[in-house]
Amino acid sequence: MSEMDYKSAYEREKLKSADLAERIAELEDKNQELQFKLDRIKNNPIWKASTPARNAMHWVIRQRDRVRNQGSLRGVVAKIKYKQIEKKAMTHYGTESFPSEETRKAQESAVFEKMPLISILVPLYNTPEKFLRDMIESVIVQTYSNWQLCLADGSDAEHVELVSRIVREYQEKEKSFRNGGRICYMKLEKNEGISGNTNHCLEMAEGEYIGLFDHDDILHPEVLYWYVKAINEENADYIYCDETTFKGDDINKMITMHFKPDYAIDNLRANNYICHFSVFKRTLLDGTELFRTKFDGSQDHDMILRLTDRAEHIVHVPKLLYYWRSHAGSVASDINAKPYAIDAAKGAVADHLRRHGYDHFKITSTRAFETIFKITYEVMGTPKISIVIPNCEHAEDLKRCISSIYEKSVYDNYEIIVVENGSTGSEIKGYYEELKTGSLKDIVKVVDFYENGAHLNSDGSKPSFNYSAVVNYGVQHSDGEYIILLNNDTQVITVNWMEELLMYAQRADVGAVGGKLYFPDRKIQHAGVVLKLGAHRTAGHSHYGQAGMNLGYMGRLCYAQDVSAVTGACLMISRAKYDEVGGLDEGFAVSLNDVDFCLKLREKGYLNVFTPFAELFHYESLSRGLDLEGKNAERYEKESEHFRSKWKEVLDKGDPYYNPNFSLDRSDFSLNVEGYSSLRTQ
């Protein structure tokens, strides 16, 4: 860059910085003024006295918003149907799922090569008698018997006598085991909180594996059996399962069932989805603490992040094996019961990110939940981004797409490569001429896929449309360090969409990154791709057709997460990784090329990420039509068969980010009620 160019660029950045500084100062002044007014209102006696009425009003507003989030009457009906399926499924996951006498005998007599002692740590504090008995008995009835229950009691003087008496009662019954019983109890001199009390439990633990259990919850009788099976078959050193919250004293009265994905680091950073019931190899603790008191309230999230970093074989057992009791004062009931947990969770994630070398990130709560986070990573530098858009005719769509990029985007180091492939109309030719000579001439470049007879049949005719070949050609004619594959029937919504994609694409462990796409009516078109979803059992879009304001299953529409694939309608990747996997496979002419591309990246060990914070409209299939009938349907079935054959082993294993308890016939995370029994014996 010449000295003159350098000075011009410096002056532009100086003016931009001054403008931003002025805007920040104005916002800070407004913020201080609003905070003063807010404090004055909150300290008013009338405001304090109106708390019950306001709570009732907010409850009504929340119910209204829940209905609005469904988008329409059809959305409400779909939600009701979903809840009906869930309610039906709940009957299978409670006591009905407990082992029969025959199953119990089979599991109790099972002999594994490894029969490790599992020490289950439970910190006690003023535990009600019913909760304490339920908890202890759920351990005693385990079908795998080589366990140790370690109880550290921080109860106060008013409760300690009852708690200790109940524990001694069970200890007496257990004396025949392991030279003195399997239940160990320690009365602590003082209550040290969840972290401190649990660390004292660890002092008593003798097991090769450690399990973490809350004093008011219940274990499924088979949980240790399935975990030991995973230890033997998969060499698991960190294990977790699916869980449910229940109310009262009946585990069959479930509130929410949480069916989890396999290990997914981006999900875990945004949301402690692993939670219960964690069992891990004791050696993972070598040189580190179990719980750190500075993260009390979210000590488990901190611990899970640290230990899964060290683990080599993290195994998710996709069975509902943990029952989380919801009662007044528990986080399962209301996170506001422990507001300090929110700050602790942010601190735990921040500490994890710093260990991984990230700086200048930001962690903010999302609309889904206070402890479900948006993580904003620093964008390193301003690398050039090449936006590759295939196009044939459709001048209006292309113009809307390009105009939205230019008018909305705040990132300014990009080029647009329009890959013309077969247009004959005067309207599109006129628009191409406008692009070449108008205000966008330095940003947009039009390249002709068929220029000088290239890519034509031997007789000069045009072959069948091949999206993969057209895109690869466009990438060859681009020079950006990062590439965005973009459909011509998209329209940018969020101004920082490129930054939101780039912050993930820059990571060494990430392959493709996709955004959140809406139909024109704001219903969801794309929020990540699930393998085997849909009638063809190839791949389908999760949350398809749901209202744009929907939070998604367990808040999944509100945070960035790992997925098997993202749509090629809006996909960013580094050029180096694009080239590493050979670009798009031209054997998939129109369909499934993006999923195939993402699986090639996954095969190389890269993560594919969906972020809901890069939003666009997608006028789906306007350019090429739908694959529902005629030749399109024939072509789609042929490509589907090719996909199923190429990725048979991957498909047979199932999508690691989509729990096998979910139906593959619906995209709304409905449970597969009919298929439940097949999971009981796997």
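For the numbers below, each heavy atom of this structure counts, side chains included, while hydrogens, waters and symmetry mates do not.
Side-chain contact, His352 with Asp302: no donor N or O sits under 3.5 Å from an acceptor N or O. When only modelled atom types and interatomic distance are considered, Glu500 and Thr376 share no side-chain donor-acceptor pair under 3.5 Å. Residues Tyr606 and Glu580 bring a donor and an acceptor atom of their side chains to less than 3.5 Å of each other. Looking only at atom types and distance, the side chain of Glu420 has a donor-acceptor partner in the side chain of Tyr432 under 3.5 Å away.
Put simply, the residue from Tyr657, Phe259, Tyr240 that forms a ring pair (Phe, Tyr, Trp, His ring centres under 6.0 Å) with His316 is Tyr240.
Heavy atoms from other residues, nucleotides or ligands lying under 6.0 Å from NZ of Lys399 number 12 at most. The environment of NZ in Lys384 is crowded: more than 12 heavy-atom neighbours from other residues, nucleotides or ligands sit within 6.0 Å. Summarising the local packing, OH of Tyr406 is surrounded by 12 or fewer heavy atoms from other residues, nucleotides or ligands at distances under 6.0 Å. For Glu396, the CD atom counts as loosely surrounded, since its 6.0 Å shell holds 12 or fewer non-hydrogen atoms of other residues, nucleotides or ligands.
Pairs engaging residues 460-472 under the side chain to side chain donor-acceptor pair (under 3.5 Å) rule: Asn457-Ser461, Asp459-Ser461, Ser468-Asn593, Asn472-Tyr578, Asn472-Glu586 [sequence neighbours left out].
Within the 6.0 Å centre-distance limit, the rings of Phe519 and Tyr544 are counted as a close aromatic pair. For Tyr473 and His455, the ring centers sit closer than 6.0 Å to each other. Between Phe373 and Tyr559, the distance from one ring center to the other does not fall under 6.0 angstrom. Between Tyr553 and Phe662, a ring centre-to-centre spacing shorter than 6.0 Å is recorded.
Between Tyr619 and Phe617, the ring-plane angle classifies as tilted under the 30° and 60° cut-offs.
Here the CZ atom belonging to Arg602 is positioned 6.0 Å from the CG atom belonging to Leu531, to the nearest 0.5 angstrom.
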message = Show, in sequence, the C-alpha distance, side-chain angles and deciding distance for Phe643 and His536, and conclude whether the ring pair (Phe, Tyr, Trp, His ring centres under 6.0 Å) test is met.
response = CA-CA 10 Å; Phe643 181 86; His536 287 81; over 10 Å; no
Distance-only donor-acceptor hits, side chain of residues 444-454, under 3.5 Å, sequence neighbours excluded:
from   : atom 1 : to     : atom 2 : distance (Å)
Lys445 : NZ     : His477 : O      : 2.8
Asp448 : OD1    : Tyr450 : N      : 2.9

